[in-house]
Amino acid sequence: MRVAVFGAGYAGLTLARELESALPEEVDLIVVDEDAAHLVQHELHRVVRRPDLAEEIVVDLDDVLDRATVREATVIDVDTAAGVATLDDGSDRSRLDYDVGAVCLGAETNYYDLPGVEAHGTPLKRIADAERVRADFFDAVESVGPDDPPRVVVGGAGLSGVQVAGELAALADDEGVGASTEVVLLEREASVAPRFPENFQRAVAGELETRGVRVETDRRVASADDDGITFADGAAMAYDQFVWTGGIRGPDALDGERPVVRNTLRCEDGTFVVGDAARVVDTDGEAVPASAQAAIREARVAADNISRLVEHERAGDGGFEPRLDGYRFDSVGWLVSVGDGAVAQVGPTVVTGRAAKALKTSVGAGYLSSVGAVENAVDLVREEVGWPDGDEGDTSADEGSR
């Protein structure tokens with residue numbers, strides 16, 4: 001019997017590690033990922049300002065998986081009904097059949113077919129994107145004269161847009177051009193972080209203002225070209241750099257769609273879709289927001305359900321399928337970085353300043369530790385709090401229980 005996990009983001013890596021412990025040794029467990037590595041996506045914006053951080057937020061799958069077979073390939077297509085995936089390893093395409101599979105490919109940037117936006121707006125999904133955003137920033141600064149300050153525009157004020165705008169403003173300060181560089185964050189809705197509680201929105205807006213980011217809400221982008229952006233109302237805005245974080249769509253392997261899946265995370269008989277690749281409806285009938293915390297918790301439910309299906313199939317005695325668990329979204333809070341600052345919401349309470357930044361660092365390090373990347377976690381904390389090498393104390397850990 002073969003179980004396949006497609007993608008090794010938050011959902012895919014969590015699911016694979018859970019299945020390694022839960023599935024019998026006779027079951028063939030395969031993890032397919034385009035880079036054979038896990039990216040800590042919520043820290044990606046940091047690479048814009050600190051390129052060396054890329055080493056801490058990318059984890060080789062072979063270092064954190066024990067018995068799964070890792071295949072480095074791009075998933076071109078998944079036939080969720082037939083249980084067949086088409087893979088491309090760079091030199092050839094192949095077919096992978098599975099008995100039970102999980103699509104954990106995350107989401108891609110959505111450009112909404114807006115003319116010129118994909119061609120001119122840099123996304124922020126991969127390390128190469130962060131490196132390009134950084135390079136484009138320096139090109140923008142160098143391309144204008146002292147009397148013509150560069151304008152950096154970020155489209156989309158969800159958490160990703162907030163973080164990259166804050167990082168670019170901080171980078172401008174680091175380079176001594178903060179006073180002469182304009183960072184503008186655009187949002188089509190009436191507020192930044194539009195899907196979040198109002199007190200969180202207000203705190204994020206205040207932190208952006210403090211960090212020198214100009215926010216323009218109710219700004220609906222219609223198109224873009226080499227020189228600027230045109231809005232739906234006909235107004236225009238010139239830019240020297242354009243970053244786009246305006247929304248998400250499904251992975252290419254699902255034709256850009258994010259299928260609706262119910263609380264069991266099951267899409268078809270033998271296929272689950274977990275994390276941002278799906279529009280998940282939880283046990284309360286509520287839509288689950290695309291987020292790392294949701295993806296991780298969904299993966300744990302999916303792991304239990306896949307294990308039950310595998311056990312049922314291996315028993316071979318027919319009868320009714322086992323009852324599957326449902327996922328219920330219950331957020332523990334929200335965190336967002338804004339340059340050297342941060343905003344955190346824990347329950348109804350919103351905090352900023354050093355407490356929020358410490359919480360952000362601890363969450364990132366805690367996540368890395370939870371997936372077995374202890375050294376990466378230590379290095380991340382060292383980067384954030386300024387520990388000198390060798391001054392972090394005892395970092396040994398027993399991963400036996402996982």
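Across all their heavy atoms, Ala303 and Leu19 have their closest contact at O-CD2, 3.8 Å. The two residues Ala290 and Ile248 come nearest to each other via the heavy atoms CB-CD1, 3.8 Å. Summarising the geometry of Ala232 relative to Ala222, their closest heavy-atom pair is N-CB, 3.8 Å, with the distance given to 0.1 Å. Closest of all the heavy-atom pairs between Tyr10 and Gln41 is OH-N, 2.9 Å. Scanning all heavy atoms of the two residues, the minimum distance from Ala190 to Asp218 falls at CA-OD1, 3.6 Å. Smallest separation of non-hydrogen atoms from Pro150 and Val144: CD-CG2, 3.5 Å.
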Run the side chain to side chain contact (heavy atoms under 4.5 Å, CB included) test on Val153 and Met237 for me, step by step, so that the C-alpha distance in whole Å, both residues' side-chain angles and the decisive distance to 0.1 Å come before the verdict.
CA-CA 9 Å; Val153 175; Met237 176 181 289; 3.8 Å; yes
Stepwise, does the side chain to side chain contact (heavy atoms under 4.5 Å, CB included) test hold for Thr69 with Leu29?
CA-CA 6 Å; Thr69 300; Leu29 176 60; over 6 Å; no
What's the verdict on salt bridge (Lys or Arg N to Asp or Glu O under 4.0 Å) for Asp276 and Arg279, showing C-alpha distance, side-chain angles and the deciding distance?
CA-CA 7 Å; Asp276 293 357; Arg279 298 179 187 270; over 6 Å; no
Please evaluate residues Arg219 and Arg188 with respect to the criterion side chain to side chain contact (heavy atoms under 4.5 Å, CB included), reporting the C-alpha separation (whole Å), side-chain torsions for both, the decisive distance (0.1 Å), and the verdict.
CA-CA 5 Å; Arg219 289 292 237 172; Arg188 63 184 292 176; over 6 Å; no
Assess whether side chain to side chain contact (heavy atoms under 4.5 Å, CB included) is satisfied between Arg297 and Ser331, documenting all intermediate values.
CA-CA 10 Å; Arg297 294 179 178 188; Ser331 174; over 6 Å; no
Checking Phe200 against Trp334 for the ring pair (Phe, Tyr, Trp, His ring centres under 6.0 Å) test, could you report, in this order, the C-alpha distance in whole Å, the side-chain angles of both residues, the deciding distance, and whether it holds?
CA-CA 9 Å; Phe200 184 77; Trp334 301 101; 7.5 Å; no
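Counting heavy atoms from C-beta outward, Val31 and Leu15 have side chains that stay 4.5 Å or more apart. Side-chain contact between Arg17 and Leu65 is present, with at least one heavy-atom pair separated by less than 4.5 Å. Between Arg300 and Glu18 the shortest side-chain heavy-atom distance falls below 4.5 Å. Within the 4.5 Å cutoff, no side-chain heavy atoms of Leu87 are placed close to those of Thr74. With a 4.5 Å cut-off on side-chain heavy atoms, Val70 and Asp62 count as touching. With contacts defined as side-chain heavy-atom distances shorter than 4.5 Å, the pair Thr283/Phe329 does not qualify. Side chains of Pro51 and Arg46 form no contact here, defined as non-hydrogen atoms less than 4.5 Å apart. Inter-residue side-chain proximity for Arg266 and Asn305 is flagged as unmet; no heavy-atom pair is nearer than 4.5 Å.
Checking Glu187 against Thr217 by side-chain atom types alone, no donor-acceptor pair falls below 3.5 Å. Donor-acceptor pairing under 3.5 Å is recorded for the side chains of Thr271 and Tyr98.
Taking CG of Leu159 as the start and OG1 of Thr245 as the end, the distance is 10.0 Å to the nearest 0.5 Å. Taking NE2 of His120 as the reference point, atom CD of Glu118 lies at 11.0 Å (rounded to 0.5 Å). To the nearest 0.5 Å, atom OG of residue Ser223 and atom CG of residue Leu114 are 8.0 Å apart. Separating the CG atom in Leu359 from the CG atom in Leu335 is a distance of 4.5 Å, to the nearest 0.5 Å. Atom SG of residue Cys267 and atom CG of residue Leu254 lie 7.5 Å apart, to the nearest 0.5 angstrom. Within the model, atoms OG of Ser337 and NZ of Lys357 stand 8.5 Å from one another, a figure rounded to the nearest 0.5 Å.
Within the cation-pi definition used here (under 6.0 Å to the ring centroid, within 45° of the axis), Arg151 does not qualify as a partner of Tyr239.
Judged by distance alone, the side chain of Asp282 and the main-chain N or O of Gly285 form a donor-acceptor pair under 3.5 Å. The backbone N or O of Arg134 lies less than 3.5 Å from no partner atom in the side chain of Gln241, so there is not a single donor-acceptor pair. At distances below 3.5 Å, not a single donor-acceptor pair connects side-chain atoms of Asn376 with backbone N or O atoms of Leu368. Side chain of Asp60 to backbone of Asp63: no donor-acceptor contact under 3.5 angstrom is found. In this structure a side-chain-to-backbone donor-acceptor pair under 3.5 Å is present from Ser180 to Val177. In this structure, the side chain of Asp99 engages the main chain of Arg2 through a donor-acceptor pair within 3.5 Å. In this structure, Asp255 contributes its side chain and Glu257 its backbone to no donor-acceptor pair below 3.5 Å. In this structure a side-chain-to-backbone donor-acceptor pair under 3.5 Å is missing from Arg220 to Phe231. Panel note: side chain Asp129, backbone Lys125; a donor-acceptor pair is recorded below 3.5 Å. Between the side chain of Glu43 and the main chain of Ile57, no donor-acceptor pair closer than 3.5 Å is present.
Remark: Glu216 CD is packed, more than 12 non-hydrogen atoms of other residues, nucleotides or ligands lying under 6.0 Å away. Heavy-atom contacts from other residues, nucleotides or ligands closer than 6.0 Å to CG of Asp233 number more than 12. The environment of Arg262 atom CZ is sparse: at most 12 non-hydrogen atoms of other residues, nucleotides or ligands sit within 6.0 angstrom.
A salt bridge links Arg314 to Glu26: at least one charged side-chain nitrogen sits closer than 4.0 Å to a carboxylate oxygen. Looking at Glu108 and Arg126, a side-chain N of the basic residue comes within less than 4.0 Å of a carboxylate O on the acidic one, giving a salt bridge. Here Glu286 does not pair with Arg328 in a salt bridge; the nearest charged N to carboxylate O distance is not below 4.0 Å. Taking 4.0 Å as the cut-off between side-chain N and carboxylate O, Arg308 and Asp325 count as a salt-bridged pair.
Exactly one of Lys360, Arg49, Arg211 qualifies for a salt bridge (charged side-chain N to carboxylate O under 4.0 Å, His left out) with Asp340. That residue is Arg49.
Between His38 and Tyr367, the ring centre distance stays below 6.0 Å.
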